[in-house]
Amino acid sequence: MSTLKRLWGLGTGRFGILIVVLLVVVAIVSLFWTPFDPGAVDVRARWADPSWPHVLGTDNNGRDIASLLMAGTRTTILVAVGAGIVASVLGIALAALGSLTARWIRESVAVLVDILIAFPVLIIAMMISAVWGGSLAVVIWAVGIGFGVNIARVTRPELRRVLQSDFVLAGRASGLTAWQNLTRHLLPNVAPVFIVQLSWGMAVAVLAEAGLSYLGFGAPITQPSWGVLLNDLQAYIAVHPLTVVWPGLAITLTVLALNLLGDALREAGDPTLADRAPAARTHVPGVVA
Amino acid sequence: MTRYALTRLGLLVLGLVVASALIFVSLRVLPGDVAQLVGGTQASPDQVAALRESLGLNIPLWQQYVEWIGGLFRGDLGTSLLTGTPVVTELVAKAQVTLPLAAMSLIVALVVGIPFGVLSALGRRHAGGTALSVGAQALAAVPVVWAGMMLVVVFAVWLGWLPPQGFPRAGWNDPGAAFRALILPAVTIGVVEGAMLLRFVRSATLQAIGQDYVRTAAAKGLTRTRALLRHGLPNVGLSIITVLGLQIAGIIVGAVVIEQLFTLPGVGRMLVADVAARDLPKVQGELLAVTGFVLVVGFVVDLLHRLIDPRQREAS
């Protein structure tokens with residue numbers, strides 16, 4: 001609880017929490033209500049300027065941009081959560097394989113992780129979508145795999161460190177099984193590092209959805225998505241530049257919120273950091289955006 | 001050093017083997033029949049069977065892989081299914097757009113990231129330094145495509161200074177026009193990547209400020225800024241080298257997206273088109289070339305870092 005309180009006490013943490021909550025609320029509301037049907041084509045209302053009732057204006061098909069953006073939050077959340085789950089499972093599994101198993105397995109996994117980490121998410125997405133065609137699943141798997149390796153890289157040393165600590169040895173000595181030791185001692189101690197990584201990974205997922213959907217590897221054009229919207233409106237930027245501003249702002253704000261949340265989580269988890277210089281965020285090679 | 005270089009070289013070779021195998025297998029084992037894809041839905045079973053034979057798909061998988069890798073050593077990455085041109089020829093042609101674009105983006109990223117990163121760290125107690133840091137945070141969250149669109153609106157549509165899209169037909173035979181065509185795309189990638197670099201340089205500089213040797217130099221009469229510039233920054237520079245390796249990977253990926261936006265005839269745009277057209281032999285060769293490039297850059301950067309930083313040499 002105190003971590004959450006410290007998180008809220010940090011300006012960046014508060015901003016991150018508020019934006020994330022806002023997104024979730026908008027996504028839920030959009031399930032029941034949007035100002036207009038996001039898919040409804042109304043040729044008489046093409047390129048309406050921002051005004052009532054089209055607060056953000058309309059696109060070339062007369063679709064209400066505000067409604068499209070609202071519906072797009074669902075896609076964003078789906079991708080962020082989906083990629084987060086894939087990355088977590090893969091990352092934890094690789095980290096566990098890389099620290100709990102026989103020496104030769106540990107070392108092979110470490111080398112494999114080192115190699116895989118050089119694969120840009122975009123390349124993974126292209127490999128998958130060359131065969132499957134574009135879909136949201138491509139984005140989720142590509143980011144999940146790309147970021148899972150990253151989580152493994154960061155979590156493994158942490159897991160190894162905890163493994164050597166006294167309470168784990170004590171647990172083993174007092175007769176806990178390996179599994180009990182894992183769930184009671186190892187995972188809770190690795191969790192802080194892991195959660196920070198996860199929030200950064202979700203930011204990557206949001207950027208990747210936009211970039212991959214823009215390239216045609218992500219969400220199908222029928223799906224309400226911020227990336228698809230960017231792609232739709234791109235052809236008209238010379239005449240209607242304002243329409244493109246909104247989806248871009250939505251993406252930027254979301255990514256910024258998740259990034260800051262990660263930074264704040266890190267700081268809240270380790271109060272001594274506040275006085276020290278901020279460490280650089282793990283840089284993910286080839287973040288597609 | 002030699003021992004480290006050899007180990008690292010081994011890792012590079014292993015990386016290339018793993019990469020090639022992953023690319024090869026993922027494009028073949030995943031559901032989907034290449035021959036059917038090439039022939040299209042209209043093709044009769046006989047036609048598909050003939051295609052399979054001519055594409056060499058009826059021989060065992062490992063044999064196909066060995067042939068592909070063998071070709072690699074002769075500079076043969078296969079030929080396009082659709083156009084029949086060798087993949088290598090097309091890669092070389094398209095790289096003439098992508099590599100200059102990447103180089104220009106890197107220069108922009110360095111110009112944005114290093115001086116402003118140091119400034120933002122030095123001015124951390126002033127409004128200017130904070131503004132730089134906040135601005136970099138926000139910029140690093142901007143999708144590259146969107147940044148590109150906004151720059152097109154301002155510099156091509158409103159101000160009319162630079163072309164909004166395209167690359168001269170004459171290519172580098174018309175160097176002025178070719179260079180102008182790459183300015184906006186390079187600035188787009190460079191600014192977003194530069195913002196990430198800025199964050200890193202800032203935190204590295206802040207760490208250097210807290211180091212004893214900087215404090216000592218300051219105590220001996222240098223101003224803090226001078227002490228930092230003379231004694232701190234060389235150390236910051238070292239850690240930046242590692243980040244640059246990752247940055248170059250980011251720039252290559254950024255180029256794939258941005259070539260699409262600016263309709264530049266580069267490797268990225270070709271790759272996107274080939275994936276969409278399911279030209280698998282070509283996609284396979286292109287993916288290997290791009291991944292190989294990223295892996296080799298990582299290798300060079302690691303060696304360079306080790307070569308310059310004596311502490312790492314002692315540590316090994």
Side-chain angles (χ1 to χ4, degrees), chain A residues 12 111-112 114-116 118-124 126-134 203 206-207 210-211 214-217 226-227 230-231 233-234 237-239 241 244-245 247-249 251-260 263 276-281 283-289, chain B residues 11 14-15 18-19 22-23 26-27 30-32 121 137-138 140-147 149-150 152-153 156-158 164 192 196 199-200 202-207 209-210 243 245-247 249-250 252-254 256-257 260-261 271-272 274-276 278 280 283 287 290-291 294-295 298:
Chain A
T12 48
V111 170
L112 186 72
D114 272 350
I115 290 170
L116 287 181
F119 266 79
V121 165
L122 177 67
I123 300 291
I124 305 175
M126 284 180 154
M127 277 162 58
I128 306 176
S129 100
V131 183
W132 285 353
V206 175
L207 274 178
Y214 170 79
L215 290 176
F217 301 139
W226 298 342
L230 272 185
N231 192 5
L233 296 172
Q234 181 213 329
I237 49 171
V239 254
V244 192
V245 169
L249 273 184
I251 297 164
T252 306
L253 211 57
T254 308
V255 174
L256 185 62
L258 287 167
N259 277 342
L260 291 179
D263 292 349
R276 272 191 268 144
R281 185 178 304 146
H283 186 108
V284 186
V287 171
V288 181
Chain B
L11 196 60
L14 193 62
V18 171
L22 276 181
I23 291 167
S26 67
L27 294 189
L30 289 178
Q137 268 281 13
V142 168
V144 177
V145 223
W146 187 60
M149 290 178 192
M150 296 296 111
V152 167
V153 168
V157 179
W158 290 350
V192 175
M196 298 186 192
R199 283 178 47 79
F200 182 82
R202 178 188 149 89
S203 69
T205 311
L206 282 178
Q207 255 157 24
I209 290 177
V243 176
L246 299 174
Q247 210 92 51
I252 292 293
V253 169
V256 174
V257 181
Q260 199 71 16
L261 174 64
L271 193 48
V272 172
D274 290 337
V275 170
R278 307 270 178 106
L280 291 191
V283 170
L287 282 181
V290 173
T291 319
V294 171
L295 286 173

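Predicted model only: the values in this text are computed from it and were never measured. Below, read A as the first sequence line, B as the second, and so on, with proteins coming before strands; counting in each chain starts at 1.
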* Structure fact -> Of all heavy-atom pairs linking P143(B) and G248(A), the shortest is CD-O, 4.4 Å
* **Minimum heavy-atom distance A130(A)-L27(B), with the two atoms named** => CB-CD2, 3.8 Å
* **Contact origin within I23(B) toward chain A - heavy atom pairs under 4.5 Å** => both
* To do: Let me know which of V157(B), V153(B), V152(B) forms a side-chain contact (heavy atoms from CB on, under 4.5 Å) with P241(A).
  => V153(B)
* Heavy-atom distance under 4.5 Å between the side chains of M127(A) and T291(B), does that happen here? -> no
* Does any non-hydrogen side-chain atom of M126(A) lie less than 4.5 Å from one of V283(B)? -> no
* Quick one: what part of A203(A) sits under 4.5 Å from any heavy atom of chain B, side chain, backbone, both or neither? -> neither
* Asked: What pair of heavy atoms forms the shortest contact from L22(B) to F119(A), and how long is it?
  -> CD1-CZ, 4.2 Å
* Asked: At a heavy-atom separation under 4.5 Å, does M150(B) approach chain A through its side chain, its backbone, both, or neither?
  -> side chain
* Does any heavy atom of chain A fall under 4.5 Å from the side chain of I252(B), the backbone, both, or neither of them? -> neither
* Do I251(A) and W146(B) come close enough that some side-chain heavy atom pair is under 4.5 Å? -> no
* Structure fact -> Whatever's closer than 4.5 Å to a heavy atom in chain B on V239(A) counts as neither
* **Non-hydrogen side-chain atoms of M149(B) and L233(A) separated by less than 4.5 Å** => no
* Counting only heavy atoms closer than 4.5 Å, note whether A147(B) contacts chain A via side chain, backbone, both or neither. => neither
* Structure fact -> When every non-hydrogen atom of A141(B) is compared with those of N259(A), the smallest separation belongs to CB-ND2, 4.5 Å
* Structure fact -> With chain B, the option among L116(A), L249(A), N231(A) that has the most non-hydrogen atom pairs under 4.5 Å is L249(A)
* **chain A contact via V18(B) - which portion, at a heavy-atom distance below 4.5 Å** => side chain
* Structure fact -> Whatever's closer than 4.5 Å to a heavy atom in chain A on V272(B) counts as both
* Examine whether an atom of V192(B) lies under 4.5 Å from a heavy atom of chain A, and if so say whether it belongs to the side chain, the backbone or both; otherwise answer neither. => neither
* Using the side-chain contact (heavy atoms from CB on, under 4.5 Å) rule, take Q137(B) and D263(A) through it: C-alpha gap first, then chi angles, then the decisive distance, then the call. => CA-CA 11 Å; Q137(B) 268 281 13; D263(A) 292 349; 3.0 Å; yes
* Structure fact -> Most contact-rich option vs chain B, by heavy-atom pairs under 4.5 angstrom, among G216(A), A238(A), G134(A), G227(A), is A238(A)
* **Pairs of heavy atoms under 4.5 Å with chain A: top-ranked of D274(B), L11(B), L14(B)** => L14(B)
* Before giving the answer on side-chain contact (heavy atoms from CB on, under 4.5 Å), spell out for L215(A) and V256(B) the whole-Å C-alpha distance, their side-chain angles and the decisive distance to 0.1 Å. => CA-CA 9 Å; L215(A) 290 176; V256(B) 174; 4.3 Å; yes
* Residue part contacting chain B, namely of L253(A), when any heavy atom lies under 4.5 Å -> neither
* Asked: CG/L230(A) to CG/L261(B) distance, rounded to the nearest 0.5 angstrom?
  -> 10.0 Å
